[in-house]
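I have a structure I would like to understand better, so I am pasting it below and will then ask my questions one at a time.
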Amino acid sequence: MREIPFLDMKSPYLELQAELDSAWARVMRSGWYILGEEVQAFEQEFARYVGAEYCVGVGNGLEALHLILRAYDIGPGDEVIVPSNTYIATWLAVSYAGATLVPVEPVERTYNLDPERIEAALTPRTKAILVVHLYGQTAEMDAICAVARKHGLKVIEDAAQAHGARYWGKMAGNLGDAAGWSFYPGKNLGALGDGGAVTTNDPALAERIRTLRNYGSKVKYYNLEKGFNSRLDELQAALLRVKLPHLDEWNARRARIAAFYLESLRETGLLLPHVPEGMTPCWHLFVVRAPQRDALQAHLKAQGIGTMIHYPVPPHLQAAYRELGLPAGSFPVSEAIHREVLSLPMGPHLSMEDAARVVEAVKAFFTPLPAREGVREKEYQR
Ligand SMILES: *Cc1c(COP(=O)(O)O)cnc(C)c1O
């Protein structure tokens, strides 16, 4: 039986091999490897793609978020709203800046920050809302930005899973004051190593991040402040320039798989992704939910089908955040989500034939056992 990987990491290179190899060779021969023409060109091209005025290439997605907070002078004594369910990098960026995390629960059906819960979490020390477009679908940005405007808060997007996602036609990464991007290889726009960027329409912020990413220096060996070393390198920028023009087409392939899953898995016991009006996800992940998640994952594994759990443990229950003293039960919505979500194979190089095999395997898990029937959407409406 042929294995179906959760994400095919080899085919993206093979599809663009000639172009990627020549971009690589061009940089190798150039004799210039840090902050040169490739990074500058990618910054312009990615800013244009997102529709933002500025883009600054940085070392990775975590640093992109961290540097945004630093550049806004958000630090000790300040509070930042974060989702209670996200990848830990969102939280770590706030910790790096020395600010205080204020987790807020998501809307259960979309997994994204619940705008209606934000106001109750605000204090005079709140400086920003760090919103995540989880799994590739934007949060409810109109409502979130309205709360932010009312209270004078910055809106920072964690767009690490949202390359090409749209909200009422407008690109993720151009929906708040600034956005942090990751080009980790598994993202929709992935480098062949680490990489990240900040997009913004704020010229002062862009300028400060350009300085902060490079030791706090604008002119070599003259340091204006204690900066960091967090630069997108020339090789990765050159490779990203090859991949960027293919992003929309690759996202369209993901959308075709998603449409097929949504249609074919309707009659199973799974809770499927919910796409509210105005949202155009980039389908970074296709996340389903079932109380029997672990058994389903084991069943699919036995059929040679790879899946992942995004994520098995919420940040507040990680050993890394023991110091916060937030026991199990502190964020029940997030905890229930973490217990039941499963990500099915998804990517631009997943064939329809393999997607059909995934569907058949999921159906086989649910149909033969009458005891499992009755697990329907209504059970989730608690
Ligand atoms: C991947 C990811 C990050 C971090 O990106 P890195 O480039 O790995 O540092 C941050 N937030 C979210 C939601 C992510 O998925």
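Both backbone and side-chain heavy atoms feed into the values below; hydrogens, waters and symmetry mates do not. Order of appearance sets the numbers: ligands from 1, and atoms from 1 within every ligand. Given the structure is predicted, the values throughout are model-derived calculations rather than measurements.
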- request: Flag Asp194 as yes when one of its N or O atoms lies below 3.5 Å from any N or O atom of ligand 1, and as no otherwise.
  value: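 Not met; the criterion fails.
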
Strictly by modelled atom types, are Asn174 and Tyr49 linked by a side-chain donor-acceptor pair under 3.5 Å? no

Note: Lys187, heavy atoms under 4.0 Å from ligand 1, region reported as side chain

- Query: Tell me: protein heavy atom nearest atom 8 (O) of ligand 1, and distance?
  - Reply: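 Residue, atom and distance for the closest contact: Ser182 OG, 4.0 Å.
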
Qualifying residues under salt bridge (Lys or Arg N to Asp or Glu O under 4.0 Å), relative to Lys301, sequence neighbours excluded |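 Testing Lys301 for salt bridge (Lys or Arg N to Asp or Glu O under 4.0 Å), a comparison that skips the adjacent residues, returns none.
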
shortest atom 13 (C) of ligand 1-to-protein heavy-atom contact is with Asp158 OD2, 3.4 Å

All heavy atoms of Pro273 vs all of Phe286, minimum pair found to be CD-CZ, 3.5 Å

Any donor-acceptor pair under 3.5 Å linking the side chain of Glu234 with the backbone of Val39?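 It does hold such a pair.
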
Look at atom 9 (O) of ligand 1 and say which protein heavy atom is nearest, naming residue and atom and giving the distance to 0.1 Å.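 Protein heavy atom at minimum distance: Leu62 N, 2.9 Å.
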
Q | Atoms in ligand 1 with a heavy atom of Asn60 nearer than 4.0 Å | A |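 Reading through ligand 1 atom by atom, the close ones are 7 (O), 9 (O).
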
Item to check | Backbone or side-chain N or O of Gly61 under 3.5 Å from ligand 1 N or O | outcome: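 Gly61 vs ligand 1: N/O contact under 3.5 Å present.
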
ask   = What protein heavy atom sits nearest atom 10 (C) of ligand 1, and how far off is it?
value =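 Atom 10 (C) of ligand 1 sits closest to the protein heavy atom Ala89 CB, 3.4 Å.
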
key: Pair His310, Ser343: side-chain N/O donor-acceptor within cut-off below 3.5 Å   =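 There is such a pair between these side chains.
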
| Between Asn214 and Ser217, do the side chains contain an N or O donor and an N or O acceptor separated by less than 3.5 Å? |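 Their side chains do not contain a donor-acceptor pair, so the 3.5 Å distance test is not met.
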
>> With heavy-atom distances below 4.0 Å as the criterion, list the atoms of ligand 1 near Ala160.
In response: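 Heavy-atom distances to Ala160 below 4.0 Å select 2 (C), 3 (C), 10 (C), 11 (N), 12 (C), 14 (C), 15 (O).
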
- Say whether Thr86, considering both its backbone and side-chain N or O atoms, lies within less than 3.5 Å of an N or O atom on ligand 1. no

- For the side chain of Asn112 and the backbone of Leu134, is there at least one donor-acceptor N/O pair under 3.5 Å apart?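 Confirmed, Asn112 side chain pairs with Leu134 backbone.
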
Fill in: Sub-6.0 Å ring centroid separation between Tyr87 and Tyr311
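Between Tyr311 and Tyr87, which both carry aromatic rings, the centre distance is below 6.0 Å.
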
If you measure every N/O of Tyr184 against every N/O of ligand 1, is any gap under 3.5 Å?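 No: no nitrogen or oxygen of Tyr184 is under 3.5 Å from one in ligand 1.
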
